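Heavy-atom basis, side chains included; hydrogens, waters and symmetry copies ignored. As the structure is a computational prediction, the values presented were derived from the model and not from experiment.
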Amino acid sequence: MNNPEQFDVVVIGAGPSGALASSLLVQKGWRVLVLEQQIFPRFTIGESLLPQCMEYLADANLVAPLHEHAASLGFQFKNGAAFHRAGENTAINFTEKSSPGPGTTYQVKRGLFDKLLADNAQLQGAVIRYQHSVKDYKVTDVFENSSDKGNTNKDSTDKNGGATLLVHDAQQLPYQVQARFVLDASGFGRVLPKLLNLELPSNFPVRSAYFSHFVDNISDENFDRNKILITVHPEHRDIWYWLIPFSDGTASIGVVAESERFNDDEAEVMLNRFLEQDPHLKALLAKRELIGPARSITGYSSNVSKLYGQHFALLGNAGEFLDPVFSSGVTIALKSASLIAPLVDQYLKGETIDFEQHYAKPLQAGVNCFRTFVAGWYDTRFQDVIFHTEQNKQVREMISAILAGYAWDTSNPFVAQSERRLNVLAQLCRN
């Protein structure tokens, strides 16, 4: 406790945003410590990646390991999204999009995917400590014995300050770590938002998700395993299901609704009850076999008062999480890491960085685009667009680009003016 360890950057959490940010920063020569509360692999949802993710992973030399190990880990090639609503079927192919960039990706088992990224970040030089939890954060004006010893970046300049973290190891023994900058990639753990009182309520209603993995035993030859299937409840259009197939014959299956629609029954009972309420899913999954326990999560949407502060920034779900409906969570997490890493690099070199203009505002622009379409899904504007039978090819490609994750491509009118454009389009589809 009297001699804190010193690193240039401490990353809280070894999930996708933590792995990406740490990989990018160690490649710049910085000393990076990653503190992860859990043991990997661990179960989590957010398993249907968007193609935009592939560019961010490639920038950090993480896409090649993904391609190499995808088959052995049961990851499923993905090229789009399929939708079903009361007998109506439609699909979006991500290769048919207006934005440049990859049009395919994977549906992944997140425990294995996150471990793959973390392992490769470690191979690149990041130090990762599992079962280590951050308990306190304090600004430190001057580091004792502060130096650039061990830092391979020759252009570094000591900022004469940073943060001191109180950490508990796997045996709950306390120690201190000092960092010139801290990145919170703790996801739903939201470590710094809780410690620094940054949490704000989401403006979305409180929703719950019930989910698990199954051997799906799907025999329907019309079912496309290369796409996530999103199904609207036959009676309540604000309730929806996901079905994410993997290449080994298993699938992630879940249902999402406002919390009041669920009772106190066990998660497995609730999940199966709702699956039986949709005739299409009931038939498709008639021979499903549950793997492990069913789980639930409630009140997952979140927000914060700010995305950065003195010697820290929040990444991905630690800052804001919208909703799982369009699988935007991992994309936003990776985008945040992609944006912040070069800024932290410049900051550590002594440059003055405007985190508002170069991090918070650019990140929020894409988040707000996703927010428009998430809200439009639940109030059914976007559902009416998706299921409209006479779709304009150019508009369809613009919508495909957003669903593929390209929510920061402002050359797309549905990104630049998402709310107005969606309102007009929904009205046209309803007429």
Take Asn431 and Gln427 through the test side-chain hydrogen bond (donor to acceptor under 3.5 Å, both in side chains) and record every step on the way to the result. CA-CA 6 Å; Asn431 290 336; Gln427 188 62 43; 3.2 Å; yes
Stepwise side-chain hydrogen bond (donor to acceptor under 3.5 Å, both in side chains) test for Asn93 and Thr95: CA-CA 5 Å; Asn93 290 315; Thr95 55; 5.6 Å; no
Between Lys109 and Leu73, is the side chain to side chain contact (heavy atoms under 4.5 Å, CB included) condition met? List the steps. CA-CA 8 Å; Lys109 298 182 180 184; Leu73 296 177; over 6 Å; no
For the atom pair CG (Leu314) and OG (Ser305), what is the distance rounded to the nearest 0.5 Å? 8.5 Å
For the salt bridge (charged side-chain N to carboxylate O under 4.0 Å, His left out) test, which of Arg288, Lys287, Arg225 pairs with Asp216? Arg225
Are Asp409 and Lys97 ion-paired here, with the side-chain N under 4.0 Å from a carboxylate O? no
Would you say that Tyr406 contacts Pro102 through its side chain, given a criterion of any heavy-atom pair below 4.5 Å between the two side chains? yes
Main-chain N/O of Ala60 paired to Gln27 side chain as donor or acceptor, under 3.5 Å: yes
Smallest heavy-atom separation, Lys78 atom then Gly80 atom, equals CE-O, 3.5 Å
I'd like to check Ser247 versus Phe77 (side-chain heavy atoms, cut-off strictly below 4.5 Å). Are they in contact? no
Please check: side-chain N/O of Gln391 versus main-chain N/O of Ile386, any donor-acceptor pairing under 3.5 Å? yes
Go through the steps for Arg237 and Asp384 under the test salt bridge (Lys or Arg N to Asp or Glu O under 4.0 Å), then give the verdict. CA-CA 11 Å; Arg237 292 178 64 178; Asp384 291 339; 2.7 Å; yes
State yes or no: are the ring centers of Tyr241 and His84 separated by less than 6.0 Å? no
Gln172 CD: over 12 foreign heavy atoms closer than 6.0 Å: yes
Spacing of OG1 belonging to Thr104 relative to CZ belonging to Phe94, to within rounding of 0.5 Å: 10.5 Å
Crowding at CD, Gln131 (>12 non-hydrogen neighbours, <6.0 Å): yes
Measure the CG-CG distance between Leu343 and Asp354 for me, rounded to the nearest 0.5 Å. 9.5 Å
Any donor-acceptor pair under 3.5 Å from Ser17 side chain to Leu334 backbone: no
With rounding to the nearest 0.5 angstrom, report the OG1 to NE2 distance, Thr164 to His311. 9.5 Å
Close aromatic pair by centroid cut-off 6.0 Å: His69 and Phe75: no
Do Gln76 and Asn226 make a side-chain contact, defined as non-hydrogen atoms from C-beta onward lying under 4.5 Å apart? yes
Say whether, by atom type as modelled, one donor and one acceptor occur between the side chain of Asn412 and the main chain of Met398 under 3.5 angstrom. yes
Flag the pair Arg207 and Asp238 as a salt bridge only when some basic side-chain nitrogen lies within less than 4.0 angstrom of an acidic carboxylate oxygen. no
Give a yes or no on whether the backbone of Gly46 and the side-chain of Arg110 come within a donor-acceptor separation of less than 3.5 Å. yes
Min side-chain heavy-atom separation Phe113-Pro16 under 4.5 Å: yes
In the structure I gave you, are the side-chain heavy atoms of Lys138 and Asp136 within less than 4.5 Å of one another anywhere? yes
Kindly say whether Leu62 contributes a backbone atom to a donor-acceptor pair with the side chain of Gln124 at under 3.5 angstrom? no
Contact check, side chains of Tyr378 and Phe204, non-hydrogen atoms, under 4.5 Å: no
Min side-chain heavy-atom separation Trp408-Leu363 under 4.5 Å: yes
Taking only residues at least two apart or on different chains, which pairs with a member in residues 176-199 satisfy ring-ring contact (aromatic ring centres under 6.0 Å, His included)? Phe181-Tyr347, Phe181-Phe355, Phe188-Phe321
Using the side chain to side chain contact (heavy atoms under 4.5 Å, CB included) rule, take Tyr56 and Leu339 through it: C-alpha gap first, then chi angles, then the decisive distance, then the call. CA-CA 10 Å; Tyr56 304 138; Leu339 282 172; over 6 Å; no
So, the side chain of Gln107 versus the backbone of Pro245: is there a donor-acceptor pair under 3.5 Å, distance only? yes
Just by distance, do the side chain of Thr410 and the backbone of Ala416 share a donor-acceptor pair under 3.5 Å? no
Approximate separation, where rounding is to 0.5 Å, of Leu20 CG and Asn120 CG: 12.0 Å
Check for a donor-acceptor pair, side chain of Ser400 on one end and backbone N or O of Glu96 on the other, with a separation under 3.5 Å. yes
For Leu173, does the CG atom sit with more than 12 other heavy atoms under 6.0 Å from it, leaving out its own atoms? yes
Correct closest heavy-atom pair for Cys53 and Thr331 would be SG-OG1, 3.3 Å
Tyr210 six-ring face occupied by Arg273 cation (under 6.0 Å, within 45°): no
Do Arg261 and Glu258 sit within salt-bridge range, that is, some charged N less than 4.0 Å from a carboxylate O? no
Aromatic plane relationship, Phe211 with Phe43 - under 30° parallel, 30 to 60° tilted, over 60° perpendicular: parallel
Pair Gln364, Arg371 - check side chain to side chain contact (heavy atoms under 4.5 Å, CB included), show working. CA-CA 10 Å; Gln364 199 63 49; Arg371 187 197 314 278; 3.2 Å; yes
Roughly how far, to the nearest 0.5 Å, is CG of Leu192 from CZ of Arg190? 13.0 Å
Within-4.5 Å side-chain heavy-atom neighbours: Ser186 and Gln37: no
Can a salt bridge be assigned to the pair Arg381 and Glu419 using a cut-off of 4.0 Å between side-chain N and carboxylate O? yes
Please step through side-chain hydrogen bond (donor to acceptor under 3.5 Å, both in side chains) for the pair His213 and Glu47, ending with a clear verdict. CA-CA 11 Å; His213 282 187; Glu47 299 140 313; 2.6 Å; yes
From the list Leu35, Val10, Val177, side chain to side chain contact (heavy atoms under 4.5 Å, CB included) with Val134 holds only for Leu35
Between the main-chain N or O of Phe246 and the side-chain N or O of Thr250, is there a donor-acceptor pair closer than 3.5 Å? no
Minimum-distance pair of heavy atoms, taken over all atoms of Ser23 and Ala19: OG-O, 2.8 Å
Would you call Asp184 and Lys194 a salt bridge, using N to O less than 4.0 angstrom? no
Test side-chain hydrogen bond (donor to acceptor under 3.5 Å, both in side chains) on Asn423 and Arg420; report intermediate values, then the result. CA-CA 5 Å; Asn423 284 334; Arg420 186 177 73 85; over 6 Å; no
Verify side chain to side chain contact (heavy atoms under 4.5 Å, CB included) between Val325 and Phe373, making sure each step is shown before the conclusion. CA-CA 10 Å; Val325 64; Phe373 288 90; over 6 Å; no
